[in-house]
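Order of listing sets the numbers, starting from 1, for every ligand and every atom in it.
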Amino acid sequence: MKTLSTIAAELEGYDPQALRADQVSEFLARLVEPVLEQEQVGIFQALGRVLAADVISPISVPPHDNSAMDGYAFDGRQLQSTSAGSAALILQVVGTAWAGKAWQGSVAPDQCLKIMTGAVLPQNLDTVVPQEFVSVRPELAEGRLELIEIPRGLLQAGDNRRRLGEDLMQGQPALKQGALLTPAALGLLASLGIEQVAVKRRLRVAYFSTGDEILSLGDAPREGAVYDSNRYTVFGLLTRLGCEVIDLGVVHDDPAQLEAAFRAAALQADAIITSGGVSVGEADYTKLMMKKLGDVAFWKIAMRPGRPMAVGRIDRAILFGLPGNPVAVMVTFLAFVRPALLRMMGSSQAAVPLLKARSLAPLRKKPGRTEYQRGIVSQSSDGALQVSAIGNQGSGVLSSMVQANGLIVLHHNQNHVDAGNEVDVMMFEGAL
Ligand code: AMP
Ligand code: MG
């Protein structure tokens, strides 16, 4: 466990009064560590969890070469035989292989096997012609045997064959430690016959809102006060991440109440998220209490929205002291807290990839800070992505977060953007 000053000393050009967004990410990556505890869970409980150990494939999937189509299986070498010239290949049907039942018997050259999708391919048969390409030739039938005709030039040897182990090979890692278990991963586990997996224990995250002007739901509205929205967006963001949430309510600007809240949070949680009370000139006790109880740094980040942020440790819990403005809370969460929590969860997931979209209008931007503008990304008529920034970018305008489907990321050194130029966008899907 590194102290904040150790990490600060490791970072080149660390200036808490003007920290770049990439330095914040770097700092947090050094500060947080993955939880070690793990548990066994059934497959239905595993969705969204982080795999604690590699899953080695106990079997090969598929377990045999099999047919990808309903059709006729034959030895593909006959497709190359030049003696047949351009005449169609005529084969005798000697039986039918059904899925789930191995066909017993041998198939000679000039013969084929009617085969169903998923049925095991007998050893010397490597090619399947889909039934719709075949003409059945009753007039060529000799006795009770059926003959089929396969046109030339249609197939190559090996076509429509699924190979043994082409999905997963026995003994190979099917899923790696740190994988976030998605619906596809659950299916993959099931395809291996695996019912239980070792996952990292859930992260416990406690959160509360601070500020004397903050009303709890149910309170009567009063002059100058606003309803607490941050606890609900934070609840949603954490729940989507699969964290166990500990809601400590609204904490008023009272040293005893704040101390009790921080202590309760640190006792129960791996991480603490607060909102409000960290800006410069803030007259309340939030910063004071953070300083008293923990190893905490107070930053001014070169970003918009969301300049002030407190980060550190209270006992063993990681503290993320987010600004109070509702949009700033969400943006700092997405940009910094989410990746840090994923790391704590043991996830090896890389950052959400940024996409490129054409800006429909010019964007004003000052170099020297990272700006996250709420945007609506859509597909233009030529198929490329385009984005328009939402009109009101005020950091308290939560409705713009609801309207937006992503953030336009204007990087630290970037300047104004002309209409038609490409910008990076971070899509919400998956995170929100
Ligand atoms: P602060 O960072 O405490 O100065 O707060 C900045 C702005 O965000 C102020 O207008 C606050 O009223 C508002 N704010 C702070 N906390 C919350 C909250 N939990 N819900 C809604 N708005 C808040
Ligand atoms: Mg305040």
Chemist: Pairs in or reaching into residues 291-300: which pass salt bridge (Lys or Arg N to Asp or Glu O under 4.0 Å), with residues at least two apart or in two chains?
Modeler: E259-K292
Chemist: Hey, is R162 close enough to D65 for a salt bridge, meaning N to O under 4.0 Å?
Modeler: no
Chemist: List nothing but the number: protein N/O/S atoms under 2.8 Å from the Mg ion (ligand 2).
Modeler: 1
Chemist: Decide side-chain hydrogen bond (donor to acceptor under 3.5 Å, both in side chains) for D228 and S216; before the verdict, give the C-alpha distance in whole Å, the side-chain angles of both, and the deciding distance to 0.1 Å.
Modeler: CA-CA 6 Å; D228 177 15; S216 294; 5.8 Å; no
Chemist: In order of chain and number, which residues sit within 4.0 Å of ligand 1 by heavy atom?
Modeler: S209, E213, I214, V226, Y227, D228, S229, N230, S275, G276, G277, S279, E282, G324, N325, P326
Chemist: Which donor-acceptor pairs under 3.5 Å do side chains of residues 375-384 form with protein atoms, sequence neighbours excluded?
Modeler:
| residue | atom | partner | partner atom | Å |
| --- | --- | --- | --- | --- |
| S378 | OG | Q386 | NE2 | 3.2 |
| Q379 | NE2 | G383 | O | 3.2 |
| S380 | OG | D382 | OD1 | 2.4 |
| S380 | OG | A384 | O | 3.2 |
| D382 | OD1 | R358 | NH2 | 3.4 |
| D382 | OD1 | A384 | N | 3.0 |
| D382 | OD2 | R358 | NH2 | 2.8 |

Chemist: Is E39 salt-bridged to R49, going by a charged N under 4.0 Å from an acidic O?
Modeler: yes
Chemist: With rounding to the nearest 0.5 Å, note down the distance linking CG in L334 to CZ in F428.
Modeler: 6.5 Å
Chemist: So among L121, L113, T96, which one has a side chain to side chain contact (heavy atoms under 4.5 Å, CB included) with W103?
Modeler: L113
Chemist: Rounded at 0.5 Å granularity, tell me how far OG in S67 sits from CD1 in I115.
Modeler: 4.5 Å
Chemist: Out of R201, R343, R202, R316, which one pairs with D270 under the salt bridge (Lys or Arg N to Asp or Glu O under 4.0 Å) rule?
Modeler: R201
